[in-house]
Amino acid sequence: MSLSEADIRVRHLQETALRYFFEVARCGSLTEASERLHVAASAISRQIAGLEQALGTVLFERHPRGMVLNAAGEILATHARRASLDAERAIREILALQGLRSGKVRIAASEGFANEFLPPLIVAFRAQNEGIVFELNVEPPAQVSARVRDGDADIGLKFSRAPDKEIKVEYRQPAPVLALMRHDHPLAKSKSVTLARMSAYPMALPAPDTTVRQMIDVECSRQQLLMESVLTSNNMTTLHNFVVHGGGISISGEVSVRHLVAAGVLVAIPIRDRGMGLRYIEVQTLVGRSLPQAVQSFLDYLKQRLSGQP
């Protein structure tokens, strides 16, 4: 049985009205839900109206440009999301009992993990589990957690500084910020550096919406230190290549540049300013969710590799 056939069976485990309601909640629009479900908007509207009548309460605030969940709708949407995930898990476990080695792992990750860290892990995992397929979406850190909460991702991987609502932290480890430079840079022999010393050289910095940039901006503000960036980019590979080609210094977490340091291409040096250690790598799942077998297996493998185990 194919994964698409399994998806069809998942739908049969969900009430039609609840499924229609959840799609409108996700889209915020009857029209868009109609296109995604391939069902007339009027039919979706009737199902939602019947659901509201059965519950004795409205579930949406209806606006000219869309529909927004109210408090009652938020409660039902949480239930519907969990019901959808549980139905998917049940189908895939039944398929596993039938001896079909298949499964899908959906990951949302920030760019620092998605570019270099995760692809070789997926390749190595699939070498022993060929029937498992993956979907990897690259998102800003806040959107990683949102995808996990909405059920669009089984696993979230990101840098974090504060807890997220409805998120279970499966694994957490410190992720201090490192200065990234070539071996021939004047600071390359240092055991550690400060932001003040780094500011004397050309810098390439991540975009302001990243956790690492926010940490640097806060610390520079505290020290009243001016750190000018000659290159700002929301692409970590661009920043790494800037350093590789002799442009100056950049900053990064250890996992994101582990391959470059191991290959001897770059040097990563600890930054000893006190605010540079207040960040963590987090592996996230949805609170209260029982994970499908394929997802749990990869989750265990991911945690081992993050911790440095072979």
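Just so it is clear, the model here is predicted, and its values are computed rather than measured.
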>> Could you walk me through whether Ile281 and Val255 satisfy the side-chain contact (heavy atoms from CB on, under 4.5 Å) test, starting with their C-alpha distance in whole Å, then the side-chain angles of each, then the deciding distance to 0.1 Å, before giving a yes or no?
In response: CA-CA 9 Å; Ile281 294 172; Val255 170; 3.5 Å; yes
Any salt bridge between [X] and [Y], counting N to O under 4.0 Å?
| X | Y | answer |
| --- | --- | --- |
| Lys104 | Asp154 | no |
| Arg172 | Glu282 | yes |
| Glu254 | Arg258 | yes |
| Asp273 | Arg222 | no |

Keeping the roles fixed (side chain from [X], backbone from [Y]), state whether a donor-acceptor pair exists under 3.5 Å.
| X | Y | result |
| --- | --- | --- |
| Thr238 | Asn234 | no |
| Glu52 | Leu59 | yes |
| Arg149 | Ile167 | no |
| Arg147 | Ala153 | no |
| Ser29 | Glu32 | yes |
| Arg106 | Gly151 | yes |
| Ser297 | Gln293 | yes |
| Arg279 | Ala175 | yes |
| Arg182 | Val244 | yes |
| His185 | Val243 | no |

Does the side chain of [Y] come within less than 4.5 Å of [X]'s, by heavy atoms?
| X | Y | answer |
| --- | --- | --- |
| Phe298 | Ile107 | yes |
| Leu18 | Phe21 | yes |
| Leu157 | Phe117 | yes |
| Leu76 | Leu51 | yes |
| Met236 | Thr210 | no |
| Glu116 | His240 | no |
| Glu219 | Leu195 | yes |
| Glu170 | Ile155 | no |

How far does [atom1] of [X] sit from [atom2] of [Y], to the nearest 0.5 angstrom?
| X | Y | atom1 | atom2 | result |
| --- | --- | --- | --- | --- |
| Ser190 | Ile269 | OG | CD1 | 5.5 Å |
| Ile132 | Arg126 | CD1 | CZ | 8.5 Å |
| Leu205 | Met198 | CG | CE | 7.5 Å |
| Thr232 | Leu239 | OG1 | CG | 8.0 Å |
| Glu35 | Leu30 | CD | CG | 11.5 Å |
| Leu291 | Lys168 | CG | NZ | 7.5 Å |

Single-linkage hydrophobic cluster, 4.5 Å side-chain cutoff, [X] and [Y] together:
| X | Y | value |
| --- | --- | --- |
| Ile216 | Tyr280 | no |
| Leu302 | Phe113 | yes |
| Met227 | Met181 | yes |
| Tyr201 | Met203 | yes |
| Val193 | Val212 | yes |

If you compare all heavy atoms of [X] against all heavy atoms of [Y], which two are closest, and at what distance to 0.1 Å?
| X | Y | result |
| --- | --- | --- |
| Asp164 | Ser145 | OD2-OG, 3.2 Å |
| Pro270 | Leu178 | CA-CD2, 3.7 Å |
| Phe242 | Ala204 | CD2-CB, 3.3 Å |
| Gly112 | Ser256 | O-OG, 3.1 Å |
| Val144 | Ala108 | CG1-O, 3.4 Å |
| Leu118 | Ala109 | CD1-CB, 3.7 Å |

>> Does Arg65, at its CZ atom, have more than 12 non-hydrogen atoms belonging to other residues, nucleotides or ligands within less than 6.0 Å?
In response: no
> Stepwise, does the side-chain contact (heavy atoms from CB on, under 4.5 Å) test hold for Asn70 with Phe60?
Replying inline: CA-CA 5 Å; Asn70 60 19; Phe60 291 95; over 6 Å; no
> Should Gln47 and Val39 be marked as a side-chain contact (heavy atoms from CB on, under 4.5 Å) after you check the CA-CA gap, both sets of side-chain angles, and the distance that decides it?
Replying inline: CA-CA 11 Å; Gln47 290 284 353; Val39 176; over 6 Å; no
>> Run the side-chain contact (heavy atoms from CB on, under 4.5 Å) test on Thr194 and Gln223 for me, step by step, so that the C-alpha distance in whole Å, both residues' side-chain angles and the decisive distance to 0.1 Å come before the verdict.
In response: CA-CA 11 Å; Thr194 63; Gln223 298 183 30; over 6 Å; no
>> The test is side-chain hydrogen bond (donor to acceptor under 3.5 Å, both in side chains); show your working for Asp300 and Gln296 and say whether it passes.
In response: CA-CA 6 Å; Asp300 294 339; Gln296 185 63 57; 3.0 Å; yes
